[in-house]
Chemist: 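Here it is, the structure, as C-alpha cells.
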Amino acid sequence: LKCSSPPAVPSFRLADMSSSFHADGRCHAVVAVEAVSRLAASFDLRAAVGEADIARLEAEAEQALEALDAEAQGGPEMDPGAVACCDLARRCLGLAAAVEKGFDDGTVGVGCGDVGDEAWDWDFGIAVAEVIANGLAAMAAAIPAGGSAFGMQLLEDLGRDLDCLSAHLFGGLCRLSCGALTRDRDIRLRRALGGICIWAVIAVCRVVGLDRFNSTIFWEFASCDALWALALAKGVFAFAASCGAGGAGEGEAAQGGAAEAETEAEGEGEGAGCGSFVVMPAIGSLYVVRPAFEYIGLVRRCIFGVICGLPQPSVAFLAEVDGDVEESEDITIAERSMWLARHRLLLATAMIESDITDMLIATCKESGAGPDLASFFAAVLQPDVARDPQWVASSSEATERVQCARAASASLAQHLQARIRSLWEAVGSVEEGERAGRRVSASFFADCASIAYFVPPPSAGLADRFLAVDVGVAAEPAALAALCALASNAGQMPRDSALAAALAALPADSHAQVVQRWAHWRGPLSDIGLGRWARVLNMAPVPMPVSGLPSLQTAPASVAPSPLQGLVQGAPSEFRCAIDGRLLMDPVRAPSGHVFERAALARALAASPCCPLTGASLTIEACVRDPELRRQIRLWVRASRRPGRAAG
C-alpha cells in the first residue's frame with residue numbers, strides 16, 4: 001500500500017488494508033503472545049509484580065498459544081484463539097494493579113502530566129508497559145474484524161480497561177516529552193507507552209474497519225474526553241517517531257527516534273518477523289512488537305486526520321446522538337452553540353496540556369495536509385466568539401461560556417506563537433495536495449484568515465503565495481474575499497501585490513459580491529486592513545466591530561475541567577481500594593465487607609496475615625472477587641468521562 005495524501009476532513013479515510021495487514025492474523029498473534037511469554041520470564045517484570053501474577057500470565061499466554069495453534073471452532077465470531085488473546089490482553093492490562101505503590105525501576109520521575117491537583121505519571125515500570133503493549137498487539141491481530149457483535153463487545157471491554165490507566169498514560173507521555181531523553185530506560189518506556197496507544201488504535205481499526213474509522217468513533221473510544229483522545233494520538237506519534245516511521249516534530253523526539261530506529265535497523269536480522277509484524281530486541285534484553293513501518297505510517301496519518309476532525313459538530317454532539325441528552329429536539333440553538341463552544345474550548349485546553357502541536361505540525365508537513373490542519377485550528381480558536389455571538393445574551397451561563405472560550409483561544413494563540421513559523425509552513429503545505437488533484441478553496445483561505453487574526457503569519461505575503469498555487473481562484477469572488485480577509489489580518493498592504501492585481505481585474509459586477517462576503521463574515525476581521533483592500537475596488541466595506549483578544553491576565557480561569565481530571569479527582573470512596581486509595585481494577589471483598597484491590601491486599605497479607613483494617617486473621621482465599629462492583633466501576637469510569645447535559 002502506498003501512503004497517499006489524506007482527503008479533507010471530516011471525510012478522512014484510509015484504504016482498507018485489513019486483508020493485507022491481517023491476512024494471517026493467527027501468525028501475527030503468535031508472535032505477539034511469544035513476546036508476552038518472554039517478558040513474563042524476565043527479571044524486570046518479576047521485580048514489578050508478584051510470582052502469582054507471573055504464573056497466571058504465563059498460564060494465559062500458554063493457553064493463547066494452544067488456542068491459536070488449534071483450528072478455529074464455532075465460526076470467526078467465537079474463534080477460541082481470539083477469545084484467548086483478548087483475555088491475555090486484559091490480563092496484561094491488569095498487571096498495573098499488581099504493582100506495589102511506590103515501586104520504581106528507575107523510570108519514575110516528576111510528573112509533567114498534571115491532572116487535577118496531582119502530578120500523574122506512569123509509575124508501573126517499563127516491563128509492565130511493554131507487556132501491555134504486546135498483549136494489545138496479540139489482541140489487535142486476533143480480534144474479529146468487520147464490526148461483529150463479538151468484536152464490538154471485546155472492544156468495549158478494552159476501552160473500559162484502558163480508561164483506568166488513562167491518567168497514568170497521559171502523565172507518562174507528557175513527562176517523556178518534556179525534554180531530551182538520554183537514558184536507555186526512558187527511551188524504552190516512551191516506546192512502550194506509545195506501543196500501548198498504537199496497538200489500541202489498531203484494534204479499533206481492526207474491529208470497525210479502516211473504511212469506517214473516523215473522528216466520531218475515535219472520540220467514542222476515548223470516552224468523549226479531549227485529553228485522553230490527544231494522549232492516545234500523542235502515543236501513536238511518539239511510537240512512530242521512535243521507530244523511524246515519522247517525524248516527531250520536536251528536536252529531542254526526532255533525535256531519540258533516529259537513535260531508536262538505528263538500534264532496530266542494526267538488529268533487523270536478529271528479530272523474529274512474521275508478515276507485517278516484527279519483533280525486535282529493545283535496548284537491553286527485552287522484546288517489543290511493532291507493525292511494519294508502512295503500517296505505522298498509515299496509522300499515524302490516519303490519527304492525524306481523525307484529530308483534525310474532532311472539532312466538528314457531529315463529534316461535539318455525539319453524546320446527544322447517543323441519547324445522553326434527553327429530548328434533544330427541544331434543545332435551543334443557543335444551547336447547542338454553548339455545547340459546541342465548550343467542546344472546542346476543551347480541545348484548545350487539551351492541545352496545550354498534551355503538548356501535541358509539534359507532532360501534528362510535523363505530520364501535516366510530510367503529508368501536505370495544510371487545509372486539514374487549518375480547519376482544525378480555525379475551529380478550536382473559535383473566531384466566531386471573538387465578537388459577541390447572538391446567543392451570548394440568552395443566559396448568564398452563555399455569557400460565561402463565551403468568556404471561557406475567549407480565554408481558551410487566547411491561551412492557545414499564545415501557545416501557537418512559540419511555533420509560529422513551523423505552524424504557517426505546515427498550514428501552507430498545499431502543493432502536494434495540488435499535485436494529487438485537490439484544489440485549495442475559499443473555505444481554506446477563510447480558515448487561514450481566522451488563524452491569522454490570532455497568530456499572524458511571519459510573512460505578510462501569504463495571500464499572494466496561495467494565489468500563485470491556484471491561479472484559478474483569481475476569478476472567484478468568494479476566494480478573493482477570503483484572501484483579502486487573510487491579507488487584512490496578516491497585515492499585508494495592497495501595493496504591488498498579486499492579490500490587488502487580481503481584485504482590480506475582477507468585472508465590476510463582481511465587486512459587490514466581494515464586499516457582500518465581507519458583510520456576512522462570521523470571524524474577526526481587521527477593519528483597518530480591510531478598508532485598504534476595499535479601496536482597491538473603490539468601495540467601502542461594511543463596518544465590523546471586533547472585540548480584541550482577551551487579556552490572559554484578566555481572562556476568567558473557570559475553563560471547564562476535562563473529564564479525565566474529574567476521573568482522578570472524583571472517584572467515589574466505594575470505588576477505591578481501602579489500602580492505597582487507588583481506583584479498583586480487580587476488587588475483592590473480605591468477610592468483613594471491606595473492599596480491596598486484590599494485588600494490594602495480597603501484598604499486605606504477605607507481610608502480616610491479618611486484615612489491614614480490622615486486624616482479624618485473613619487469607620486471600622477468604623476474599624471473593626466482586627465482578628458486579630467491577631462492572632459498576634467500569635460503567636462509572638465511562639460515564640464520568642463524558643460531558644453531561646448540565647455542562648452545556
Side-chain angles (χ1 to χ4, degrees), residues 311 313 333-334 336-337 340-341 344 371 374-375 377-394 398 402 405-406 409 413 439-457 460 462-464 466-467 470 472-495 497-550:
I333 293 178
R336 291 178 184 270
S337 299
L340 182 60
R344 290 177 172 175
S375 174
F377 279 119
V380 295
L381 284 167
Q382 302 204 67
D384 51 332
V385 299
R387 294 179 295 158
D388 285 345
Q390 291 182 349
W391 52 270
V392 69
S394 62
V402 168
R406 288 175 178 169
S409 298
R439 289 202 62 192
V440 288
S441 63
S443 62
F444 169 57
F445 300 143
D447 290 337
C448 291
S450 295
I451 298 173
Y453 177 78
F454 295 92
V455 189
L462 188 62
D464 282 356
F466 287 150
L467 192 62
D470 188 354
V473 303
E476 300 177 5
L480 289 179
L483 283 172
C484 288
L486 169 59
S488 173
N489 288 343
Q492 180 180 358
M493 304 293 288
R495 178 175 298 179
S497 71
L499 179 57
L503 280 176
L506 273 180
D509 58 354
S510 297
H511 293 188
Q513 296 181 41
V514 173
V515 176
Q516 191 69 11
R517 290 276 179 174
W518 293 337
H520 293 90
W521 198 265
R522 295 185 61 186
L525 284 175
S526 169
D527 52 351
I528 296 177
L530 195 60
R532 299 189 184 103
W533 290 98
R535 285 193 288 273
V536 176
L537 299 175
N538 295 318
M539 301 184 74
V542 176
M544 298 186 68
V546 176
S547 300
L549 285 174

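All residue numbers refer to positions in the sequence shown, counting from 1. Note: hydrogens, waters and symmetry copies are ignored here, and every other heavy atom, side chains too, is used.
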Chemist: Are any side-chain N or O atoms of Arg406 and backbone N or O atoms of Val385, one a donor and one an acceptor, separated by less than 3.5 Å?
Modeler: yes

Chemist: Within a strict 4.5 Å, meaning less than it, do heavy atoms of the Ser510 and Glu476 side chains meet?
Modeler: no

Chemist: Do you know which two heavy atoms are closest between Arg387 and Gly523, and how far apart they sit?
Modeler: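 It is NH2-O, 3.9 Å.
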
Chemist: Rounded to the nearest 0.5 Å, how far apart are CG of Leu480 and NE2 of His511?
Modeler: 10.0 Å

Chemist: Could you tell me if the side chain of Trp533 sits less than 4.5 Å from the side chain of Ser497, heavy atoms only?
Modeler: yes

Chemist: Using a 4.5 Å cut-off on heavy atoms from C-beta on, say whether the side chain of Val402 contacts that of Trp391.
Modeler: yes

Chemist: Taking the ring centre of each residue, are Phe454 and Phe377 less than 6.0 Å apart?
Modeler: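 Between Phe454 and Phe377, the centre distance exceeds or equals 6.0 Å.
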
Chemist: For the residue pair Ala452 and Ala490, what are the closest heavy atoms and their distance?
Modeler: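 Closest approach of Ala452 to Ala490: CB-N, 4.3 Å.
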
Chemist: Write down the atom of Val455, the atom of Ala413, and the distance for their closest heavy-atom approach.
Modeler: CG2-O, 4.0 Å

Chemist: When rounded to the nearest 0.5 angstrom, what is the spacing between CD in Gln492 and CG in Asp464?
Modeler: 4.5 Å

Chemist: At their closest point, which heavy atom of Tyr453 faces which heavy atom of Ala386, and how far apart are they?
Modeler: CE2-CB, 4.4 Å

Chemist: Determine whether Leu499 and Cys484 make a side-chain contact, defined as any pair of heavy atoms from C-beta on separated by less than 4.5 Å.
Modeler: yes

Chemist: Could you pull out the closest heavy-atom pair between Trp521 and Ala449, with the gap in Å?
Modeler: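 For Trp521 and Ala449, the tightest heavy-atom pair comes out as CZ2-CB, 4.0 Å.
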
Chemist: I need the Leu381 CG to Asp447 CG distance, nearest 0.5 Å.
Modeler: 10.5 Å

Chemist: For a quick test of reading the model, state the closest non-hydrogen atom pair linking Ala502 to Leu467 and the distance between them.
Modeler: CB-CD2, 4.0 Å

Chemist: Calculate, to the nearest 0.5 Å, the distance between atoms CG and CH2 belonging to Leu525 and Trp518 respectively.
Modeler: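 Here the interatomic distance stands at 9.5 Å.
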
Chemist: To the nearest 0.5 Å, what is the distance between CG (Leu483) and CG (Leu503)?
Modeler: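 Interatomic distance, Leu483 CG to Leu503 CG, rounded to 0.5 Å: 8.5 Å.
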
Chemist: So, Ser375 side chain and Pro371 main chain: donor-acceptor pair closer than 3.5 Å or not?
Modeler: no

Chemist: To the nearest 0.5 angstrom, please state how far the CG atom of Asn489 sits from the OG atom of Ser450.
Modeler: 7.5 Å

Chemist: Is there side-chain contact between Val380 and Gln382, with heavy atoms separated by less than 4.5 Å?
Modeler: no

Chemist: So do Phe466 and Leu486 actually touch side chain to side chain, heavy atoms under 4.5 Å?
Modeler: yes

Chemist: Is a side-chain N or O of Arg517 found less than 3.5 angstrom from the main chain of Ala478, in a donor-acceptor match?
Modeler: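 Judged by distance alone, no pair lies under 3.5 Å.
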
